[in-house]
Protein chains: 2
Amino acid sequence: MKSNSYLLFVKAFGSPIRLKILEQLKNSPKSVMQICSSLGFEQSKVSHNLRCLIDCGFVKNRRDGKKRIYSLNKETVVPLFKIIDKHISKNKEHLIECGVISE
Amino acid sequence: MKSNSYLLFVKAFGSPIRLKILEQLKNSPKSVMQICSSLGFEQSKVSHNLRCLIDCGFVKNRRDGKKRIYSLNKETVVPLFKIIDKHISKNKEHLIECGVISE
DNA sequence: ACTTCATATGACTAATAATTCATATGAAAA
DNA sequence: TTTTCATATGAATTATTAGTCATATGAAGT
């Protein structure tokens, strides 16, 4: 069964903060501190979540002196966002009422 | 910001059991008990998660006498699975090592 | 080599989500 | 109209995930 890799994918993706990080990186590659300050999050919080995104292949990074620059794996993330956009625009009214959300 | 609807989407999608339910429905529409027995899960567990999938627009249902038949919103779910498949096949070795997974 | 800056990581705690259990609802058959 | 079958739901418990804090690492400059 291929659920295990699927699981990996959806769990990594299914998180508010990781979603926000991906949205940040959509525009341009960024260092950890850049992400922190634009989102108002702590460094280690962002680092932990970036690790997860790296592990699951949604982002990659490269060293730049002392910094580390993170960028999107666009091949996966861009079409993913497109599907979500489409789904949301087609189901807007309905989605408001869902009970899973806490934030 | 559109994070809120995105959030809704990714949280609903980012769950092992909901993923498995969606995989079941990929083949054909099913009643709650059919899903239960093919996955070996309890009825209320499945019902709760189906509610979430309904709320977020991934599945729809219709009554059939005493039963209720659930089916996929293929327009969203099928392309979603395609992207995941592609991502997994391109990142197979790497994905194994990810630390987010518990199951 | 030591200090600093940028990031990573581990362990603990806090927040959130999933599961269970008991019960409710609602359609159909007796 | 009551019994049964199929599913839904609420509340409480348990499990999982995220966040925090302290500390480690590692590159670069002094």
Side-chain angles (χ1 to χ4, degrees), chain A residues 3-4 6-22 24-25 29-56 58-71 97-103, chain B residues 3-4 6-22 24-25 29-56 58-71 97-103:
Chain A
S3 269
N4 276 14
Y6 272 60
L7 215 89
L8 202 67
F9 186 107
V10 300
K11 280 197 173 187
F13 195 66
S15 139
I17 180 173
R18 290 195 283 278
L19 183 68
K20 281 175 189 156
I21 292 174
L22 291 175
Q24 283 298 315
L25 297 177
K30 289 190 173 59
S31 72
V32 177
M33 280 314 288
Q34 280 181 302
I35 297 169
C36 287
S37 52
S38 55
L39 291 175
F41 293 149
E42 280 193 311
Q43 179 264 315
S44 81
K45 183 174 170 177
V46 171
S47 279
H48 276 299
N49 282 281
L50 280 169
R51 160 129 304 281
C52 172
L53 290 171
I54 284 278
D55 286 343
C56 296
F58 292 123
V59 306
K60 50 200 168 187
N61 64 29
R62 63 176 169 81
R63 235 184 208 295
D64 174 28
K66 292 179 190 170
K67 297 180 180 179
R68 200 171 267 280
I69 306 298
Y70 285 82
S71 59
E97 313 161 32
C98 177
V100 236
I101 295 316
S102 50
E103 195 193 27
Chain B
S3 269
N4 275 14
Y6 271 61
L7 216 90
L8 202 69
F9 186 107
V10 300
K11 279 198 173 187
F13 194 66
S15 138
I17 181 173
R18 291 195 284 278
L19 183 69
K20 280 175 189 155
I21 291 174
L22 292 174
Q24 283 299 316
L25 297 178
K30 288 189 174 59
S31 72
V32 177
M33 280 315 287
Q34 280 181 301
I35 297 170
C36 287
S37 52
S38 54
L39 291 175
F41 294 148
E42 280 193 313
Q43 179 265 314
S44 81
K45 183 175 172 177
V46 171
S47 279
H48 276 299
N49 282 281
L50 280 169
R51 159 129 304 279
C52 172
L53 289 171
I54 284 277
D55 286 343
C56 296
F58 293 121
V59 306
K60 51 201 166 186
N61 64 28
R62 64 178 168 79
R63 239 189 204 293
D64 174 28
K66 291 179 191 170
K67 296 180 181 177
R68 201 170 268 280
I69 306 298
Y70 285 82
S71 58
E97 314 160 31
C98 178
V100 238
I101 297 316
S102 50
E103 193 193 28

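Throughout, a chain's letter reflects where its sequence line sits, starting with A, and its residues are numbered from 1. Everything numeric here is computed off the predicted structure, so don't read it as measured data. These numbers come from the heavy atoms of this one structure, side chains and all, not from hydrogens, waters or symmetry mates.
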Interatomic distance where CZ belongs to B/Phe13 and C1' belongs to C/dA17 [whole Å]:
17 Å
Which comes earlier along DNA chain D counting from the 5' end, the contact point of A/Lys45 or that of B/Tyr70, where each point is its nearest nucleotide?
B/Tyr70
Separation of atom CG in A/Leu50 from atom P in C/dA8, rounded to whole Å
7 Å
Looking at the side chain of A/Val32, which of C/dT7, D/dT20, D/dT7 is the nearest nucleotide?
C/dT7
Please report the distance, rounded to the nearest Å, between NZ in A/Lys30 and P in C/dT7.
13 Å
Nearest to the side chain of A/Lys66 - C/dA8, D/dA28, D/dT17?
D/dA28
Under 3.5 Å donor-acceptor pair, B/Gln43 side-chain atoms to D/dA8 base atoms:
yes
Which of parallel (below 30°), tilted (30 to 60°) and perpendicular (above 60°) describes A/Phe58 and A/Phe13?
tilted
Residue mapping more 5' on DNA chain D - nearest nucleotide basis, A/Ser15 or A/Asp64
A/Ser15
B/Arg68, nearest nucleotide to its side chain (from D/dA8, D/dT9, C/dA11):
D/dA8
Could you tell me whether the phosphate oxygens of D/dA18, OP1 or OP2, come under 4.0 Å of any side-chain nitrogen or oxygen in A/Arg18?
yes
Specify the closest pair of heavy atoms between B/Ala12 and B/Arg18, including all atoms of both residues, with the distance to one decimal.
O-NE, 2.5 Å
Is the distance from OP1 or OP2 of D/dT17 to the nearest side-chain N or O of A/Asn49 less than 4.0 Å?
no
Side chain of A/Arg63, heavy atoms from C-beta onward: which of D/dG26, C/dT20, D/dA8 has the nearest atom to it?
D/dG26
Rounded to the Å, how far apart are B/Asn61 CG and C/dA27 C1'?
15 Å
Measure from the side-chain heavy atoms of B/Ser44 and tell me the nearest of C/dA6, D/dA18, C/dC21.
C/dC21
Could you give the CD1-to-P distance, from A/Ile17 to D/dA18, as a whole number of Å?
9 Å
Nearest to the side chain of A/Lys11, heavy atoms from C-beta on, is which of C/dT7, C/dA8, D/dT16?
D/dT16
Taking 5.5 Å and 30° as the limits, would you call B/His48 and the base of C/dT19 a stacked pair?
no
Rounded interatomic separation in angstrom, taking CD from B/Glu42 and P from D/dT14
15 Å
Above 12 or not: heavy atoms from other molecules or residues under 6.0 Å from NZ of A/Lys30?
yes
Does B/Leu39 offer a backbone N or O that forms a donor-acceptor pair with the side chain of B/Lys20 under 3.5 Å?
no
Could you check B/Ile35, B/Ile17, B/Asn61 and say which one makes a side-chain contact (heavy atoms from CB on, under 4.5 Å) with B/Leu50?
B/Ile35
Length of the line joining B/Ile21:CD1 and C/dT19:C1', which is rounded to integer Å
13 Å
What is the distance, rounded to the nearest whole Å, between atom CZ of A/Arg51 and atom P of D/dG19?
17 Å
